[in-house]
Protein chains: 2
Amino acid sequence: MPSQPPATPRKRPQQERSQVTVQAILTAAAHILTEAGYDHFTTNKVAERAGVSIGSLYQYFPNKASLLLALAEHHADQMMQLAKDHLETTGDRSIPEVIRQIVAAAVAAHAVNPKLHLVLHEQVPHSEVMRQFDQAKMENLLRSFLVQQCDQLQPKNLDLTVFMVERTIRALIHGAMTEHPEFLQTGELDQELTALLSAYLLKK
Amino acid sequence: MPSQPPATPRKRPQQERSQVTVQAILTAAAHILTEAGYDHFTTNKVAERAGVSIGSLYQYFPNKASLLLALAEHHADQMMQLAKDHLETTGDRSIPEVIRQIVAAAVAAHAVNPKLHLVLHEQVPHSEVMRQFDQAKMENLLRSFLVQQCDQLQPKNLDLTVFMVERTIRALIHGAMTEHPEFLQTGELDQELTALLSAYLLKK
DNA sequence: CTAAAATGTGAATAATTACTCATATTTTAT
DNA sequence: ATAAAATATGAGTAATTATTCACATTTTAG
């Protein structure tokens, strides 16, 4: 009795088999970075942990840097998605409330995968390249918020202000993650960061 | 005709000859870091540039890390000295003036050797280790200033505030150095940083 | 002057690691 | 069933580079 040909065509291995491999590699890469740090991040170890041969790794990632890039891009996407979600529901319009919201969004975004984030942004050589994903988008997001709120800001002033705010948020979240996790736990960081930036922007 | 024995004893080679060598190595190391970046910072290249054999380098620096450490320590000393000079003459007592002074001191300290500073703090692997010199001293300096000025600060509050201020200053100066040198040139950074922190501290 | 101490030399070593390629296995389409 | 296409394998290559060490030169002290 010949079996029916399956309704869904047998899944294309070009698609699925390799996608599983790619995913295993990415997962293994993230695991090694977060658990062992960049010092131990070698392509051979990643392949081993992924349960895949080193040759397969190089079939999908032409070099080590491209693997890191893929990881950083995916992570940045996750962060941006979460940040946007936090910023959608914007009923309030007072500057301190908007700032509080932005800070909360940034803190939440950094909680997606804090260990991976720190390694990608502070351990990986040439981490500027990794930052390209986060930073530009964050600055644009901030810029539009600020324009909406403080229409008395001049364009030149705007660049400077966006720089001040973006850098301050990022630096203090990173600093808290590495040196004072308790400030993050208790919410003290959110509060102080909001206070810092509100006081600054209200004076404009 | 036998010459007089020199009044000053012939300078001890253990002292001078080797000191010249050590200095040449340190200078070459700084040069390679600032001009070529950490990627090209190999011990053999340092020795070559210093006009010294690789063996001599290892006579005075047991390993590559110790060379970086020596460089970082010397650079931190220079920065701290300059910062202290800026903070000596403290006639003013208003918070904004004190803040302005602290900001100016930090900016001046970072101008000692900006390129080297950035490489040591952002390119070198495990740059946390390099920061140990600057950071603790900076925080202590800040702490005493803040205690003097805002005596209503609680001890727990103090740790948090010192963290906020120190990190913010450092991050914005670094950010300006790498991405917006024009803000440093024009003094806009000093002004905004002072405004940011004054507004924050005055609300305490 | 001379021996010991200090300093200098640089070819060689040893370890690491990103990446290749010849070959094997699996899947697909007919 | 079968050939072509896709995917997987992993031992091997090649380049880099921190560090050593056996030996040379210079300096000092007596």
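Naming: A, B, ... by sequence-line order, numbering from 1 per chain. Hydrogens, waters and symmetry mates are skipped; everything else that's a heavy atom, side chains included, is used. Model, not experiment: these values are computed from the prediction.
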Quick check for you: among [options], whose closest atom lies nearest to any side-chain atom of [X]?
X     : options              : answer
B/S56 : D/dT19, C/dG8, D/dT9 : C/dG8
B/K64 : C/dG8, D/dA8, D/dT19 : D/dT19
B/S18 : D/dA8, C/dG10, C/dT7 : C/dT7
A/R17 : D/dT7, D/dT9, D/dT26 : D/dT7

Exercise. How far apart are the C-alpha atoms of B/D134 and B/R170, what are their side-chain angles, what is the distance that settles it, and do they pass the salt bridge (Lys or Arg N to Asp or Glu O under 4.0 Å) test?
Worked result: CA-CA 11 Å; B/D134 307 68; B/R170 191 147 49 91; over 6 Å; no
For this session: Assess whether ring pair (Phe, Tyr, Trp, His ring centres under 6.0 Å) is satisfied between A/F163 and B/F183, documenting all intermediate values.
Result: CA-CA 10 Å; A/F163 164 76; B/F183 294 160; 5.6 Å; yes
Problem set entry | A/H86 side chain to A/Q101 side chain, donor-acceptor N/O pair below 3.5 angstrom | no
Problem set entry | Distance-only donor-acceptor check, side chains A/Y58 and A/T43, under 3.5 Å | yes
Check the distance between [N]'s [atom2] and [X]'s [atom1] and give it to me in whole angstrom.
X     : N      : atom1 : atom2 : value
A/L57 : C/dC21 : CG    : P     : 17 Å
A/I54 : C/dT23 : CD1   : P     : 20 Å
B/Q59 : C/dG8  : CD    : C1'   : 7 Å
B/L67 : D/dT17 : CG    : P     : 16 Å
B/F61 : D/dT17 : CZ    : P     : 20 Å
B/I25 : C/dG8  : CD1   : P     : 8 Å
A/K45 : C/dC19 : NZ    : P     : 17 Å
B/Q19 : C/dG8  : CD    : P     : 11 Å

Exercise. Does A/S53 make a side-chain N or O approach to OP1 or OP2 of D/dG10 shorter than 4.0 Å?
Worked result: no
For this session: Would you indicate, yes or no, if C/dA18 has its OP1 or OP2 atom less than 4.0 angstrom from a side-chain nitrogen or oxygen of A/T43?
Result: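 The answer is yes; a side-chain N or O of A/T43 sits under 4.0 Å from OP1 or OP2.
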For this session: Using the salt bridge (Lys or Arg N to Asp or Glu O under 4.0 Å) rule, take A/K45 and A/E48 through it: C-alpha gap first, then chi angles, then the decisive distance, then the call.
Result: CA-CA 5 Å; A/K45 275 192 193 164; A/E48 184 186 26; over 6 Å; no
For this session: Let me know, please, whether A/D39 or A/G55 comes out on the 5' side of the other along DNA chain C by nearest nucleotide.
Result: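 Residue closer to the 5' terminus by nearest nucleotide: A/D39.
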For this session: Pick base, sugar-phosphate or nothing for B/T42, based on heavy-atom distances below 4.0 Å to the nucleic acid.
Result: sugar-phosphate
For this session: Take B/Y58 and A/G51, find for each the nucleotide of DNA chain D with the closest heavy atom, and name the residue whose nucleotide sits nearer the 5' end.
Result: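 It is A/G51, whose closest nucleotide lies nearer the 5' terminus.
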